[in-house]
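Order of the sequence lines fixes the chain letters, A, B, ..., with proteins taken first and strands second; residue numbering starts at 1 for each chain.
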Amino acid sequence: MDGIKEEINNILEGAIRKAIEIGELQISEVPTIPFSPTKTPEHGDLATPVALGLAKQAKLPPKQIAETIKKHVDLDEHPIIRNIEIAGPGFLNVYLSNDWLFDTLQAIYELEENYGTCNKGMGERIQIEFVSANPTGPLNIVSGRAAAVGDTLVNLFNAVGYDAIREYYVNDAGGQVEKLGESIDIRYRQALGEEKLEIPEGGYQGDYVQEFAEAIVDENGDDHLKLSQDERIAYFRDIGIEYLLGQQKVSLERFRVCFDVWSSEKAIRESGKPDEIIEMFREKKYLYEADGATWFRMTDFGDDKDCVVIRTNGEYTYFVPDAAYHRDKYDRGFHKVIDLFGPDHQGHVFRLKNFVKALGLEDDWLEVDIIQQVNLVDSDGTRLDMSKRSGQFFTLDSLIDELADAVGEQFAVDVARYFFLMRANNTHLDFNVELAITQANENPVFYIQYAHARCCSIFQQAKEQQIKLRSLDDIDLEYLTEPSEHELIRKLAEYPSIVLSSAEGREAHRIPHYLHELSGLFHPFYNQHRVLDTDNMDRTQARLILIQSVQTVLANGLRLIGISVPESM
RNA sequence: GCGCCUAUAGCUCAAUUGGAUAGAGCAACGGACUUCUAAUCCGUAGGUUGCAGGUUCGACUCCUGCUAGGCGUGCCA
């Protein structure tokens, strides 16, 4: 598609240039020509509203401009263009010869799993940080959504020529993990029979804390009471982090998300970088003392209040290691960094970007995208409370467990990933768990996978009938004459530009939608036309090429979003 | 109060980033398996794109003002 766009672009540019030369168009320069893939074959294969855009400058009606452009395209000289029509208010509808359709099939045939990839990124290094949940409990649903989106974005960037990695920032230092240590200590002592103890304000109430504490008792009894309370809490904190982080890793692996780098906040704090940054901020006069704390002049960067960076107790607030962490990312040589934050961190976005600016880094070096909340909805419409600290939250694992009961483990992960991906990042997602389970068999993800399985089945059948696929050189694609066949190829041709725009717009949801559309063209074709026909071997061969192409693109797309590619269902 | 997000078919969401007649799935109704897999297909029905203005050849998309919902607004992360 891109190649053909460029070719048509050049031809139309030539026509416009000619019109300018002979004075039929009075405009200062040749404009960039926008193309919109047509919605219906009646509008040709490629359409451009370029004449509409020129109307004002040229002081001519759009239709007349379109006529002028059309007049200067020599169809004999460019056999790739079958016809040009002017429609509507002045659209130029370009009808291409069948050759370009066949070129698409040839490209897929040759590139196979690389069809859809390109080198737009030129090897530029990108880091995407996502999930980064506190190691104080199991991953929740929003983390699951972030995991699916982040994982797919990395795949997308790598597909279009970037060198992208997945990174997880472990918040293994600071107040939250202290609270974890305290909470475990309370549950530990309760398990040993101590009464009148309560989880402190802001502590962790989840059952998993109690279970963990009881496991400690089972293993070591009351040994840890010999330690001082501070020592004990610190110890529980450390083993708690280790255990819970381990659980998170297991969940993520189960969800088929594999991080390349795990960064530790504790390590950042101990690296000395936070101190360097504070020193640098002090030199730049970004800091001042007040109320016994050290403040950063966030108002200089347009925020409505300054913020504390060193507390009265001498500890850094989380801004400092966070800024240091981003400095560290820069030092590691990433051209661009994308952070995916949950909705509860949106207040942090503006400040973090300002800190990065204060570090002297370019404004667009760091991009922060919010993965909006996920509401778990019951079939009666009530929302489930997912607050981590109230202890009543729905974990990613429990979601997959429920789905797995209905459709099995492999498809459970497929369905969950698909549901998380099919919506744009910035929309709030209502996830009706019961619906996802009860409708599991009519799920869109199966629709796509089934299309792939059917493709495979055709080749299986061909094998049994001893029909051998000829090499492409020996196949006459002109046998593909059905409109539904041409529509399928047109859709296949769109795939590379979908991949590219998904990456550039950080719009992972476009891949599932595309695959659903492609499947939506394949299934009707399958029902209407037989592929294997021993009475018409030439057409059979041509159709096998088409089916193979559909199969390839479906598989490529499914791999991109981390969903399994079944050969039979 | 201020900031961010959202509002499209009964429900959940799309809309090639400003293009032609706003599209899918689910739910509803009626049909199709002697066929390469019926987890499929064909047909019917469903709309003042929250409201009011503005920008232009053209607006679901951009701007302004409303309305409703969600989230954020800590010397937590």
Practice task
Of all the heavy-atom pairs spanning A:K63 and A:G88, show the shortest one and how long it is.
Solution key: CE-O, 3.0 Å
Completion exercise
Heavy-atom nearest pair, A:A290 first then A:W295, reads O-NE1, 3.1 Å
Practice task
Could you check whether A:P444 gets within reach of a base, just the sugar-phosphate, or nothing at all, counting any heavy atom under 4.0 Å?
Solution key: nothing
Problem - Whole-angstrom distance between B:A77 and B:A24, as gauged at atom P - result: 50 Å
Exercise for the section: Select base, sugar-phosphate, or nothing to describe what A:Q449 touches, counting heavy atoms under 4.0 Å on all strands. Expected result: nothing
Practice task
May I ask you to decide if the ring planes of A:H513 and A:H509 are parallel, tilted or perpendicular, using 30° and 60° as cut-offs?
Solution key: perpendicular
Problem - Options B:U40, B:G19, B:C36, nucleotide nearest the side-chain atoms of A:Y447 - result: B:U40
Exercise for the section: Output the single nucleotide from B:A77, B:C5, B:G25 whose closest atom is nearest the side chain of A:H516. Expected result: B:G25
Give me, pair by pair, the N or O atoms of the protein and of nucleotides 12-16 of chain B that are less than 3.5 Å apart, along with how far apart they are.
{"unit_1": "B:U12", "atom_1": "O2'", "unit_2": "A:R423", "atom_2": "NH1", "d": "2.9"}
{"unit_1": "B:U12", "atom_1": "O2'", "unit_2": "A:R423", "atom_2": "NH2", "d": "3.0"}
{"unit_1": "B:C13", "atom_1": "OP1", "unit_2": "A:H428", "atom_2": "O", "d": "3.2"}
{"unit_1": "B:C13", "atom_1": "OP1", "unit_2": "A:D430", "atom_2": "N", "d": "3.2"}
{"unit_1": "B:A14", "atom_1": "OP1", "unit_2": "A:A424", "atom_2": "N", "d": "2.8"}
{"unit_1": "B:A15", "atom_1": "OP1", "unit_2": "A:H509", "atom_2": "NE2", "d": "3.1"}

Completion exercise
Here the distance between atom P of B:C41 and atom OH of A:Y450, to the nearest Å, is 9 Å
Handout entry: Heavy-atom donor-acceptor pair, A:T317 side-chain to B:C75 base, under 3.5 Å
Key = no
Exercise for the section: Taking only the side-chain nitrogens and oxygens of A:Y526, find out if one of them lies under 4.0 Å from OP1 or OP2 of B:C33. Expected result: no
Handout entry: Side-chain donor-acceptor contact under 3.5 Å, A:D414 with A:Q449
Key = yes
Practice task
Would you mind classifying the nucleic acid contact of A:S132 as base, sugar-phosphate or nothing, using non-hydrogen atoms under 4.0 angstrom?
Solution key: nothing
Exercise for the section: Taking atom C1' in both B:G50 and B:C57, compute the distance separating them and give it to the nearest angstrom. Expected result: 28 Å
Practice task
Nearest whole angstrom, please: distance from the P of B:A20 to the CG of A:D45.
Solution key: 17 Å
Practice task
Taking the six-membered ring for Trp and the full ring for Phe, Tyr or His, determine whether the centres of A:F296 and A:F319 are under 6.0 Å apart.
Solution key: no
Practice task
Assign A:A293 to base, sugar-phosphate, or nothing according to its heavy-atom contacts below 4.0 angstrom with the strands shown.
Solution key: base
Problem - Nucleic acid contacts of residues 344-355 of chain A, taken as heavy-atom distances under 4.0 Å to RNA chain B - result: A:D344, A:H345, A:Q346, A:G347
Problem - C1' atoms of B:U21 and B:G47, separation to the nearest Å - result: 13 Å
Handout entry: Greater than 12 external heavy atoms within 6.0 Å of A:K120's NZ
Key = no
Problem - Check: A:F301 ring centroid to A:Y286 ring centroid under 6.0 Å - result: yes
Handout entry: Residue pair A:T48 / A:I8, side-chain heavy-atom distance below 4.5 Å
Key = no
Problem - A:N527 side chain near B:C42 phosphate (N/O to OP1/OP2, under 4.0 Å) - result: no
Practice task
Could you check whether A:D291 gets within reach of a base, just the sugar-phosphate, or nothing at all, counting any heavy atom under 4.0 Å?
Solution key: base
Handout entry: Short side-chain N/O contact to B:A77 OP1/OP2 from A:Y318, under 4.0 Å
Key = no
Practice task
Return the nearest nucleotide to the side chain of A:K305; candidates are B:C75, B:U73, B:C36.
Solution key: B:U73
Handout entry: Quiz item: A:Q176 side-chain donor-acceptor pair to B:C76 base, under 3.5 Å
Key = yes
Practice task
From the options B:A20, B:A77, B:C42, select the nucleotide whose nearest atom is closest to the side chain of A:Q528.
Solution key: B:C42
Exercise for the section: Look at the side chain of A:N93 and the base of B:A20, then say whether one donor and one acceptor between them are separated by less than 3.5 Å. Expected result: yes
Exercise for the section: Pick the C1' atom in B:A45 and in B:G23, then give their distance to the nearest Å. Expected result: 16 Å
Problem - Enclosure of A:E464 CD (heavy-atom neighbours >12, cutoff 6.0 Å) - result: yes
Exercise for the section: Would you check if A:I448 and A:I563 make a side-chain contact, meaning some heavy-atom pair closer than 4.5 Å? Expected result: no
Practice task
Using a heavy-atom cut-off of under 4.0 Å over every strand shown, decide if A:A451 touches base, sugar-phosphate, or nothing.
Solution key: nothing
Exercise for the section: Would you indicate what A:P343 reaches in the nucleic acid, counting non-hydrogen atoms under 4.0 angstrom: base, sugar-phosphate, or nothing? Expected result: sugar-phosphate
Exercise for the section: Just label B:C66 as syn or anti from its O4'-C1'-N9-C4 or O4'-C1'-N1-C2 angle, using within 90° of 0 for syn. Expected result: anti
Practice task
Would you mind classifying the nucleic acid contact of A:H529 as base, sugar-phosphate or nothing, using non-hydrogen atoms under 4.0 angstrom?
Solution key: base
